[in-house]
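Below, chain A is the first sequence line, B the second, and so on; all start at residue 1.
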Amino acid sequence: MAPHKLTEYERLRLENIKRNDQMLAALKIHSKLSQLSESTKRPRTQTKSYKVSPEKKHRTETPIVLRRSLRTRGVAPDSSTAGGLKDDFDESQSSISRKNPNSDSESPLTKRAYERGPISMRDAYRTDASDRKLIEAILDCSRKSRLSESNNELDDTIKGMEGNELLGSLKVGRKVWGSIDVDALKLEPDNIARVVPGRILNVRFLPTTDARIVVVGNKFGDVGFWDVDADAEDGDGIYLYHPHPAPISGIACNPFSLSKMFTSCYNGFIRLMDTERELFELVYAGDHAVFSLSQSPNDMNSLYFGEGNGQLRVWDARTGKSSSSWGLHQNRINTIDFKPQNTNIMTTSSTDGTACIWDLRKVGVNRSTALKCIRHERAVHSAYFSPSGRFLATTSADNMVGLFSGDTYQNMTMVYHNNQTGRWISSFRGIWGWDDSYVFVGNMRRGVDVISTTGKDVTATLQSEHMSAIPCRFDAHPYEVGTLASATSGGQVYIWRPS
DNA sequence: CTGTATATTATATTG
DNA sequence: CAATATCCATATACAG
């Protein structure tokens, strides 16, 4: 059946070439449009969008050539799975490794070795305009937050008061608390941008009060930044990097050091974007897909991630090594979250249809010691603790959003919610706002459903004529009450703010 | 129990 | 404006 397979590959290759041509054509139109809008000087605010530089465009085109050469060279895709998951990732990764003149003529092993290293931000950068402004902005925020931290005597006071729940939550992650008026949340045209191409899997505000910077990860392995308040002449404040070859499954920002940000990828790699050294360092390279990533809120040295079919690992920043893996689930772990008031308590959600609560002091010893196991009828796409830790919210493909409360989260409320996103929209994940009042979750009618914990139902829906696609992934700003980022499968980000 | 095949879904781009 | 390509999510049906 060898000839049959070959034609199949040929077909895929041609499709890829075609897709690339389409993208190039689209980019040309993009730049023409932007020129046009400049010359005609439309008073109307043109929707902000990423712009890829012609040079880098060329670079993104090259993997096609590589792809072909690999195929024609007869480099076997993979003996194990015809799906070619790993294989595909490896190939697209070579778009980055192209910098290495030897990489495409070397054996896969050498290619692999090259991939297992840092990537400079410069090499990963794809946008037209310079990224100096972004780097300076991040470093500036980082310096400021460090300054305020060292001056913050409250920290030490709080450390001696572990028992106090409220103070504990203030310390951890330093998230602000506050109630909001849902009706006051508005979407202004200025707060809309297309930050990356393709589907966004992850959106996150940089944890700072000194700037509003949004980070997103998409299915191509791009990491996009949007400095929301940037001047229009600075490329709309949008910056695009390509540090990964496959979908980005997690972004974890260090609130105590803004210049350090982790990103995880379906190809099994985790990188640390170090803005000071201007590198995407490689911190972990596993053989299984990494599906979820989370940092323990008050222990920046521990990075938790879900890998393969239900495995969980902890990576230690001090040793640079990861723990042995714990088999917590039967299928992929979609989210990992910690109880803000007691970070020994962790919750995971999984495609195996369960969400579990774990005590980290026990889980390493005997993994069958889940404190609680919540069973949905289908895959569970998320499980998050509320800001006070008194609630747990789960979102499942069984069209339910679960709300759990009580000492052992024994009180259950299931709120019906259509979570059938199909193939092209990232699964919905209900997230908490700035207190225990509301859970925000996307809906298929281009709105954001707001579920009230007291009303135990969808009490409001954020809608706007400006929102032209389905918001599927969210982040509540950690320090600005009422500032909510929503991201779509078309690469757009919408930022709702209180009016 | 493991693997394959298929329907589902919305968006952006094409003609 | 309607047709089309997307293609790494997920559940189900069915074969081995």
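With rounding to whole Å, A/Asn309 atom CG is found 12 Å from C/dA9 atom P. At whole-Å resolution of the value, NE2 in A/His244 and C1' in C/dC8 are 16 Å apart. Spacing between atom CG of A/Asn418 and atom C1' of C/dT10 amounts to 14 Å, rounded to whole angstrom units. Between the C1' atom of C/dT10 and the CZ atom of A/Phe428 lies a distance of 14 Å, rounded to the nearest Å. Taking atom CG on A/Asn331 and atom P on C/dT12, their separation rounds to 13 Å, with Å as the unit. Atom-to-atom, CD1 of A/Ile425 to P of B/dA10 comes out at 7 Å; the value is rounded to the nearest Å. Straight-line distance from the CH2 atom of A/Trp424 to the P atom of B/dA10: 12 Å, rounded to whole Å. With rounding to whole Å, A/Asn419 atom CG is found 17 Å from C/dA9 atom P.
Using a 4.0 Å cut-off between charged nitrogen and carboxylate oxygen, A/Arg332 and A/Asp352 do not count as a salt-bridge pair.
Side-chain atoms of A/Arg378 lie closest to C/dT12 of the nucleotides B/dA12, B/dT11, C/dT12. Checking B/dA12, C/dA11, C/dA9 against the side-chain heavy atoms of A/Gln492 singles out B/dA12 as nearest. Nearest to the side-chain atoms of A/Arg332 among the listed nucleotides C/dT6, B/dT11, C/dA9 stands C/dA9. Looking at the side chain of A/Arg423, the nearest of the listed nucleotides C/dC8, C/dA11, B/dT11 is C/dC8. If you check B/dA12, C/dA11, B/dA10 against the side chain of A/Met444, the one that comes closest is B/dA10.
Note on ring orientation: taking the six-membered ring where Trp is involved, the planes of A/Phe428 and A/His417 are perpendicular (angle over 60°, cut-offs 30° and 60°).
Between A/His381 and the phosphate of C/dA9, there is no side-chain N or O to OP1/OP2 separation shorter than 4.0 Å.
The stacking criteria are not both satisfied for A/Tyr266 over the base of C/dC8, which would need a centre-to-centre distance under 5.5 angstrom and an angle between ring planes under 30 degrees.
Nearer to the 5' terminus of DNA chain C, by closest-nucleotide assignment, is the contact made by A/Lys219 (compared with the other of A/Lys219 and A/Gln420).
Residue-level contact check: A/Arg445 touches neither bases nor backbone, having no heavy atom under 4.0 Å from any strand.
Between C/dC7 and B/dT14, the distance separating the two P atoms is 15 Å to the nearest Å.
For CD of A/Gln463, the number of neighbouring non-hydrogen atoms (other residues, nucleotides, ligands) closer than 6.0 Å is greater than 12. Counting heavy-atom neighbours within 6.0 Å of A/Gln420 CD, excluding the residue itself, gives a total above 12.
Side-chain contact check for A/Thr453 versus A/Trp432: some heavy-atom pair is nearer than 4.5 Å.
Pairing for C/dT10 goes to B/dA7, judged as Watson-Crick or G-U wobble with the two contacts each under 3.5 Å.
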